[in-house]
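Okay, structure first, notes after.
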Amino acid sequence: MHLYRTHKCGELRKSDIGKSVKLSGWVHRKRDHGGVLFIDLRDTSGLTQLVAQGNADLEKIRPESVITIEGDVVARADGTTNAKMPTGDVEVVVKSVTVQSHADVIPFQVAEDDGAGEDVRLKYRYLDLRREGMHSRVRLRNNVIAAMRRRMWDEGFQEFNTPILTASSPEGARDYLVPSRLHPGKFYALPQAPQQFKQLLMMSGFDRYFQIAPCFRDEDGRADRLAEFYQLDVEMSFVQQEDVFDVMTKVVKGIFEEFADFTGTKHRVEFLPNMSYAYAMLTYGSDKPDLRNPLKITDVTEIFNGHDVTFNAFKNYIAKGGVVRAIHVPQAAKQPRSFFDKVNSWAQSEGAPGLGYIAFETEEGKGPIAKFVGAESQKKLRDTMKMQDGDVVFFVCESEAKASAMAGKARTRIAQDLDIIEKGVYKLCWIVDFPMYEMDEKTGKVDFSHNPFSMPQGGLDALMNKDPLTILATQYDCVCNGYELASGGIRNHKPEIMEKAFALAGYSKDVLEKKFGGMLNAFRYGAPPHGGCAFGVDRIVMLLADEPNLREVYAFVMNGQYEDPMMNAPSDITEAQLKDLHLKLNLPKKVEAA
RNA sequence: GCGGGUGUAGUUCAGUUGGUUAGAACGCUUCCCUGUCACGGAAGAGGUCGCGGGUUCGAGUCCCGUCACUCGCGCCA
């Protein structure tokens with residue numbers, strides 16, 4: 001007989017009755033009745049009920065200790081079966097016990113969710129991972145990654161590794177840096193993404209690349225952001241945007257469908273038609289719209305400029321270049337006054353003066369600003385937005401960028417208040433035609449708005465002849481339920497276009513050569529047209545697990561301050577290590593004093 | 001760097017207007033219990049009320065500072 005087990009704890013069934021078995025696992029729960037003792041024994045496959053009589057070792061043992069038992073599988077008596085357990089028709093009568101490992105008193109409960117806080121869970125992560133929720137989410141993650149690999153290979157992609165110790169990249173997030181011992185004063189950087197390497201693989205002729213790539217960014221955390229995270233990184237040669245969409249829509253839709261019932265409720269998966277960035281910003285006030293939210297935004301600047309509108313707060317702002325955006329909320333006129341007050345005070349907490357509205361209970365609008373809008377303009381509002389009796393419209397007046405953002409936030413907030421966000425569905429969509437450049441509001445300087453390596457639509461001609469702020473990039477995102485799942489683009493593989501593209505953003509040829517010389521050189525030796533994208537693995541798992549926090553879908557993870565309380569990272573290093581690396585610390589005064 | 005929230009037993013939390021010995025549930029220890037499956041019952045241990053200072057006859061409670069965690073803003077091509 002095997003030293004530890006003949007079966008796993010989730011395996012035994014009626015058909016095993018009469019067998020002598022050996023099981024190993026953790027003591028999940030104990031129910032001691034004096035003469036008879038029940039123990040639920042747990043391993044990763046499930047639970048089996050053990051029955052023991054007069055066994056002093058088992059009576060004393062604490063939960064979460066590890067034991068091996070030998071015993072006989074017997075049928076449970078009528079009325080004592082447990083339909084909630086897959087093994088609930090049988091139990092194992094214990095003949096002998098070996099205690100493999102005694103557990104101390106545990107800092108929080110494993111057998112049930114006692115609501116323990118995140119800091120203590122992270123400190124004892126191995127205990128946390130034994131709990132049902134974390135255990136199943138980590139398995140989900142593993143299964144999703146396996147499915148990604150399988151589906152990508154099936155589509156003709158090959159998986160590559162790219163360097164972890166690489167060069168610091170000039171723009172973007174802060175790099176995590178690694179000092180070089182052999183090269184005093186020089187540093188490696190951990191990759192923010194393998195962007196240049198995957199493009200270089202295209203120039204190496206490999207055609208279809210993917211990697212479950214670790215990425216590192218030294219910026220402050222959020223619930224959905226970590227210092228290290230994984231992307232399904234993809235690049236393809238000889239493709240246009242639609243080729244990337246075709247293959248990745250298939251892969252990602254397939255993955256969502258494969259795991260859509262993880263939470264226990266089956267979710268539908270809908271991949272909606274592509275949407276332009278401009279349309280998304282106008283209609284949803286976001287470049288990652290939650291398309292489960294039925295509310296839409298309309299520009300009504302012209303209507304508020306009408307001769308019968310006397311709302312001067314808006315009119316004056318429009319004269320200075322402001323815009324008015326309207327959020328149409330069907331059948332909200334019957335909402336109690338408190339609803340409108342709540343929306344208004346929320347808007348004020350966001351820094352807006354308030355959120356004006358008109359409620360069309362009948363043809364004649366009511367509400368704080370209705371009396372400033374004449375009958376003709378009210379009718380225009382109703383016609384423009386196809387409003388019905390009982391509908392409400394909220395207004396935001398701001399500069400274009402701020403109005404979009406505020407209307408977008410209000411759209412989300414109002415839909416949440418009214419609980420009209422559709423449930424049980426993943427709504428995915430490609431957002432296309434991102435602008436190539438944007439104006440930095442602080443410096444007034446034109447800069448890249450996304451990836452500087454994407455091909456400008458219209459190529460060199462557009463760069464030479466168009467207002468940079470009107471040039472579109474071949475740059476796209478994939479969004480799902482309000483999250484940005486992926487970002488990508490068709491790359492610029494022509495050095496002369498790249499020089500001009502960087503020049504428009506104020507980067508000289510020297511800078512370009514210095515920062516991206518390696519890749520630029522590669523472009524000069526025969527570069528295939530290519531493009532790709534990168535999907536956030538963790539975001540996908542979060543959505544499938546219905547968890548708002550990224551830390552719930554990782555086995556080992558740092559806290560919000562990017563510290564690991566279990567491994568005690570980051571940590572001090574010795575003087576000798578510093579010396580090896582040719583480093584001297586220059587600490588802020590606060591830290592030094594402590 | 002900035003703002004909101006939280007901080008009381010191992011864990012999750014309650015604690016009134018500042019007033020006697022700071023409570024509950026779960027967990028833990030000891031004992032009882034032969035059919036439970038969140039078993040049940042009895043007894044018990046366990047507290048620097050995050051830390052420091054202040055106001056007060058008296059502070060878990062009020063004030064100031066500070067630290068930790070958390071959510072968000074900035075930041076994240």
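The sequence lines fix the lettering, A, B, ..., with proteins before strands; numbering per chain opens at 1.
- Using a distance-only test at 3.5 Å, with no hydrogens or angles considered, no donor-acceptor pair links the side chain of A/Lys22 to the main chain of A/Thr68.
- Residue A/Gln195 places none of its side-chain N or O atoms closer than 4.0 Å to OP1 or OP2 of B/rA77.
- RNA chain B is contacted by no residue of residues 490-506 of chain A, taking any non-hydrogen atom closer than 4.0 Å.
- Ion pairing between a basic and an acidic side chain is recognised when a charged N comes within 4.0 Å of a carboxylate O; A/Asp119 and A/Lys123 show no such pairing.
- Between B/rU8 and B/rU61, the two P atoms lie 13 Å apart (nearest whole Å).
- Qualifying side chain to side chain donor-acceptor pair (under 3.5 Å) partners for A/Gln109, counting only residues two or more places apart in sequence or in other chains: none.
- For the atom pair A/Leu226 CG and A/Leu550 CG, the distance stands at 4.0 Å (nearest 0.5 Å).
- Other residues, nucleotides and ligands contribute more than 12 heavy atoms inside 6.0 Å of the CG atom of A/Asp341.
- Here A/Ala415 pairs with A/Asn293, A/Leu295, A/Ile420, A/Ile421 under the side-chain contact (heavy atoms from CB on, under 4.5 Å) rule; sequence neighbours left out.
- Looking at the side chain of A/Gln49, the nearest of the listed nucleotides B/rA38, B/rC73, B/rU36 is B/rU36.
- Residues meeting the side-chain contact (heavy atoms from CB on, under 4.5 Å) test with A/Thr412, sequence neighbours left out: A/Gln416.
- Comparing the C1' positions of B/rG54 and B/rA42 gives an interatomic distance of 48 Å, to the nearest angstrom.
- With B/rC37, B/rG35, B/rA77 as the candidates, the nucleotide lying closest to the side chain of A/Ala173 is B/rA77.
- The interatomic distance linking A/Glu219 (CD) with B/rG1 (C1') rounds to 13 Å, in whole Å.
- With salt bridges taken as basic N to acidic carboxylate O contacts below 4.0 Å, one links A/Asp128 and A/Arg121.
- When distances are taken from the side chain of A/Asp220 to each of B/rG35, B/rC39, B/rG74, the shortest belongs to B/rG74.
- Remark: P of B/rG27 and NE2 of A/His28 are 13 Å apart, rounded to the nearest angstrom.
- In this structure, A/Lys288 forms no cation-pi arrangement with A/Phe434, as its terminal cationic atom is not both closer than 6.0 Å to the ring centre and no more than 45° off the ring axis.
- The side chain of A/Pro452 lies closest to B/rA77, out of B/rG35, B/rA77, B/rU70.
- Each salt bridge (Lys or Arg N to Asp or Glu O under 4.0 Å) pair with one or both residues in residues 34-52 of chain A, not counting sequence neighbours, appears once here: A/Arg5-A/Asp43, A/Arg31-A/Asp40, A/Arg42-A/Glu64.
- Considering only side-chain N and O atoms, A/Arg121 lies nowhere under 4.0 angstrom from the phosphate OP1 or OP2 of B/rU11.
- The base of B/rC75 sits within donor-acceptor range of the side chain of A/Arg225, with an N or O pair under 3.5 Å.
- Between the P atoms of B/rG27 and B/rC71, the separation comes to 29 Å (whole Å).
- Residues passing the side-chain contact (heavy atoms from CB on, under 4.5 Å) test with A/Ser101, sequence neighbours excluded: A/Val66.
- Here the separation of B/rU29 from B/rG46, taken at their C1' atoms, is 10 Å to the nearest Å.
- Considering only side-chain N and O atoms, A/Asn451 lies nowhere under 4.0 angstrom from the phosphate OP1 or OP2 of B/rA77.
- Taking atom C1' on both B/rG10 and B/rU16, the two are 28 Å apart, rounded to the nearest angstrom.
- At a threshold of 4.0 angstrom between heavy atoms, the contacts of A/Gly88 with the nucleic acid are absent.
- Residues from residues 10-25 of chain A placing a heavy atom under 4.0 Å of any atom in RNA chain B do not occur.
- Side-chain proximity of A/Glu118 to B/rA77, B/rG35, B/rU70: nearest is B/rU70.
- For A/Tyr437 and A/Phe448, the distance between ring centers is under 6.0 angstrom.
- Between the side chain of A/Ser454 and the backbone N or O of A/Gly489 there is no donor-acceptor pair closer than 3.5 Å.
- Shown here is A/Arg174, whose CZ atom has no more than 12 heavy atoms of other residues, nucleotides or ligands within 6.0 Å.
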Stepwise salt bridge (Lys or Arg N to Asp or Glu O under 4.0 Å) check, A/Glu118 with A/Arg551: CA-CA 9 Å; A/Glu118 197 171 51; A/Arg551 294 188 285 268; 3.1 Å; yes
Could you provide the dot-bracket string of RNA chain B, using ( ) for intrastrand pairs, [ ] for crossing pairs and | for bases paired to another strand, with Watson-Crick or G-U pairs below 3.5 Å? (((((((..((((.....[...)))).(((((.......))))).....(((((..]....))))))))))))....
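- RNA chain B is contacted by both A/Gln561 and A/Ser449; A/Gln561 maps to the nucleotide lying nearer its 5′ end (nearest heavy atom per residue).
- B/rA25 and B/rG58 have their P atoms separated by 35 Å, with the value rounded to a whole Å.
- Contacts classified as salt bridge (Lys or Arg N to Asp or Glu O under 4.0 Å) and involving residues 531-540 of chain A (residues at least two apart or in different chains) are given here: A/Arg141-A/Asp538, A/Asp224-A/Arg539.
- Between A/Gly560 and A/Phe448, it is A/Gly560 whose nearest contact on RNA chain B lies nearer the 5' terminus.
- Residue A/Asp119 places its side chain closer to B/rC69 than to any other of B/rA77, B/rC71, B/rC69.
- Between the C1' atom of B/rC75 and the CG atom of A/Asp175 lies a distance of 14 Å, rounded to the nearest Å.
- The backbone N or O of A/Met236 lies less than 3.5 Å from no partner atom in the side chain of A/His530, so there is not a single donor-acceptor pair.
- Nearest to the side-chain atoms of A/Arg31 among the listed nucleotides B/rA77, B/rC39, B/rU70 stands B/rC39.
- Screening residues 475-487 of chain A for salt bridge (Lys or Arg N to Asp or Glu O under 4.0 Å), with sequence neighbours left out, gives no hits.
- Put simply, the side chain of A/Arg225 gets close to the backbone of A/Asp220: a donor and an acceptor are under 3.5 Å apart.
- Across the P atoms, B/rC73 and B/rG15 are found 31 Å apart, a figure rounded to whole Å.
- Rounded to whole Å, the C1' atom of B/rG18 lies 30 Å from the corresponding atom of B/rG3.
- Residues from residues 65-84 of chain A with heavy atoms under 4.0 angstrom of RNA chain B, sorted by number: A/Arg76, A/Thr80, A/Thr81, A/Asn82, A/Lys84.
- Contacts of A/Glu91 with the nucleic acid, taken as non-hydrogen atoms under 4.0 Å apart, include base atoms.
- Candidate nucleotides B/rA38, B/rC73, B/rU70 were compared by shortest atom distance to the side chain of A/Arg222, and B/rC73 ranks first.
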Output one line per pair: protein atom, nucleotide atom from nucleotides 28-34 of chain B, and distance, for all N/O pairs under 3.5 Å.
{"residue": "B/rU29", "atom": "OP1", "partner": "A/Arg62", "partner atom": "NE", "Å": "3.1"}
{"residue": "B/rC33", "atom": "N3", "partner": "A/Asp32", "partner atom": "O", "Å": "3.1"}
{"residue": "B/rC33", "atom": "N3", "partner": "A/Gly34", "partner atom": "N", "Å": "3.2"}
{"residue": "B/rC33", "atom": "N4", "partner": "A/Gly34", "partner atom": "N", "Å": "3.4"}
{"residue": "B/rU34", "atom": "OP2", "partner": "A/Gly35", "partner atom": "N", "Å": "3.1"}

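- Side-chain N/O atoms of A/Asn549 include one lying less than 4.0 angstrom from OP1 or OP2 on B/rC71.
- Between the CZ atom of A/Phe108 and the P atom of B/rA25 there is a distance of 23 Å, given to the nearest Å.
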